[in-house]
Amino acid sequence: MSAVASNVETKDIVIDEVFPHAVEVIWKALTSAQLIARWLMPPTGFEAVEGNRFTFKTNPAGAWDGTIHCRVLEVAPNRRFSYAWKGGDESNTGYGSALDTVVTWSLTPVEAGTRVRVVHSGFVTPKNDTAYRNMSDGWVKVLQRLDAVSGEDK
Amino acid sequence: MIDAVPNSITIVMRALADPTRRAVFERVFESKEISVAELTRGSGVTQGAISQHLKSLKQAGLVAERAEGRNVYYRAAPQGLEPLVTWMDHYGVFWRERFQNLRDLLKEIDP
């Protein structure tokens, strides 16, 4: 998947499974605040209305207080439901680094029930692919160099 | 690489000067994600000592931690790779767990 800017690339997490339940039941589970609290996380301010903002609270990290800021993007009853999912902080690396993604649920009735697909999209690769490769090689070199240095100390 | 970022290397090497701490880091580095209990197993030192080493490694920015329930998991933290690797791993696990939760809930409300 390519983003608009030529030097930015994003990756997605996709999970796709068939559930033995009618599409209406699954839609209810995906769009009811009470039920979301039970299978996903307790939401604050949730309403399945386009444009509505809501939050989840998870483990904080560094400058990030752990709040995931969401906004409903699309509501197509029994078919499609998506929301922006933003968290983290620019000053963090790793868990808690800045995150600007979208979660999209797609429901498709099938003979055995309903196919449920979630796409969590927008995970940005490092801004500079060269930096990505350099850091990957760099860590191996750091460890190799430490081997050499450690050997000298003996 | 090494010449380009002398400060980072100095910090890394200082944090890894202790042979036990370095061994801990190498195990974290070799793992996708690893818990304190797993690190303690076969290490020959106490879990408390492992936790102290991980604290030092974390302060040096060499490992990142993720809490899940009562467990804490560690991974190596190469800066350039970290945002992608950590977030995608985190959410890959997160959504698989949520799918299972959803499956369980649906069984309960719509048997």
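All values reported here derive from a predicted model rather than from experimental measurement. Residue numbers start from 1 in every chain, and the chains themselves are labelled A, B, ... in the order their sequence lines are given, proteins ahead of strands.
- Using a 4.5 Å cut-off between heavy atoms, L30(A) contacts chain B through its side chain alone, with no backbone atom that close.
- Relative to the ring axis of F94(B), R98(B) places its NZ or CZ within 45° and under 6.0 Å from the centre.
- Classification of the H120(A)-W85(A) ring pair by plane angle, with boundaries at 30° and 60°, yields perpendicular.
- Proximity to chain A is limited to the side chain of L105(B), based on heavy atoms less than 4.5 angstrom apart.
- Between the CZ atom in R115(A) and the CG atom in L107(A) there is a gap of 11.5 Å [rounded to 0.5 Å].
- When V118(A), N59(A), L99(A) are compared by the number of non-hydrogen pairs under 4.5 Å with chain B, L99(A) comes out ahead.
- The aromatic rings of W95(B) and W105(A) stand perpendicular to each other, their planes meeting at an angle above 60°, with 30° marking the opposite boundary.
- When heavy atoms are compared at a cutoff of 4.5 Å, E65(B) approaches chain A solely by way of its backbone atoms N, CA, C and O.
- Heavy atoms of V116(A) lying under 4.5 Å from chain B belong to its backbone as well as its side chain.
- D110(B) meets the side chain to side chain contact (heavy atoms under 4.5 Å, CB included) test with H21(A), V25(A); sequence neighbours excluded.
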